[in-house]
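Worksheet: the structure to be examined is printed underneath.
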Amino acid sequence: MASNRTCAHIGAIETVKREKRHECEECVKIGAGWVHLRTCQECGVTLCCDSSPNRHATRHAQESGHSVIASAEPGERWLYCYPDNTFVEY
Ligand SMILES: [Zn+2]
Ligand SMILES: [Zn+2]
Ligand SMILES: [Zn+2]
């Protein structure tokens, strides 16, 4: 990571996981829509952002304890750590 403002969680990431499918798994199950997609960097699940009605990425972080997400949007290259509120472009 180039930035020196990262936390330990982001600093531990060597390869950023990118989405395989461009959809929120949880929204697909319930037939809901989403705005943007985020990929959990611990388990690789792709879920929807806080602008989406169901906020599955944040809910996943809270329930699983997984700390870091990456944007799954094409052209966006950033990581965010929930517990440290750290935002890093890569
Ligand atoms: Zn962190
Ligand atoms: Zn969702
Ligand atoms: Zn996860």
Side-chain angles (χ1 to χ4, degrees):
M1 288 294 139
S3 172
N4 55 15
R5 297 194 307 116
T6 76
C7 65
H9 305 103
I10 290 175
I13 293 171
E14 293 176 1
T15 306
V16 175
K17 293 183 175 71
R18 301 290 291 187
E19 86 288 1
K20 298 184 189 73
R21 298 181 303 167
H22 205 74
E23 58 190 23
C24 172
E25 292 182 9
E26 295 299 322
C27 283
V28 168
K29 284 181 199 166
I30 60 174
W34 59 84
V35 180
H36 297 299
L37 294 170
R38 310 294 181 233
T39 301
C40 175
Q41 294 301 293
E42 288 197 39
C43 64
V45 67
T46 294
L47 298 166
C48 55
C49 72
D50 279 358
S51 300
S52 308
N54 292 292
R55 302 182 177 185
H56 284 127
T58 295
R59 200 184 301 176
H60 172 75
Q62 289 169 346
E63 290 176 354
S64 66
H66 295 168
S67 308
V68 183
I69 54 165
S71 175
E73 296 300 311
E76 289 188 8
R77 294 174 64 85
W78 54 257
L79 298 162
Y80 177 75
C81 175
Y82 283 101
D84 294 309
N85 192 27
T86 312
F87 178 87
V88 177
E89 290 184 284
Y90 66 92

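Note that ligands are numbered from 1 as they come in the structure, with each ligand's atoms numbered from 1 the same way.
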Within less than 2.8 Å of the Zn ion (ligand 2): protein N, O or S atom count: 4
Student check: side-chain heavy atoms of Gln41 and Val16 closer than 4.5 Å: yes
Which atoms form the tightest heavy-atom contact between Cys24 and His56, and what is the distance? SG-ND1, 3.4 Å
When you measure from the side chain of Thr46 to the backbone N and O of Thr39, does any donor-acceptor pair fall under 3.5 Å? no
List-wise, which protein N, O or S atoms are found short of 2.8 Å from the Zn ion (ligand 1)? Cys7 SG, His9 ND1, Cys81 SG, Asp84 OD2
Value for OG (Ser67) from OH (Tyr80), rounded to nearest 0.5 Å, stands at 11.0 Å
Nearest heavy-atom contact between Arg18 and Tyr90 is NH1-OH, 2.8 Å
Would you call the rings of His60 and His66 parallel, tilted or perpendicular if under 30° counts as parallel and over 60° as perpendicular? perpendicular
Ser71 and Glu76 side chains, donor-acceptor separation under 3.5 Å: yes
Heavy-atom check, side chain of Arg38 versus side chain of Trp78, under 4.5 Å: yes
Cut-off 3.5 Å, no hydrogens considered: what does the side-chain donor-acceptor table look like for residues 25-32, sequence neighbours left out?
residue: Glu25; atom: OE2; partner: Arg21; partner atom: NH2; Å: 3.4
residue: Glu26; atom: OE2; partner: Lys29; partner atom: NZ; Å: 3.1

Least distance between heavy atoms, Glu42 atom then Gly65 atom: OE2-O, 4.2 Å
With a cut-off of 2.8 Å, which protein N/O/S atoms are close to the Zn ion (ligand 3), if we only count those under it? Cys40 SG, Cys43 SG, His60 NE2, His66 ND1
Heavy-atom distance under 4.5 Å between the side chains of Arg55 and Cys49, does that happen here? no
When you compare the side chain of Leu37 with that of Glu73, does any pair of heavy atoms fall below 4.5 Å? yes
For residues Tyr82 and Thr58, determine if any side-chain heavy atom of one lies less than 4.5 Å from a side-chain heavy atom of the other. yes
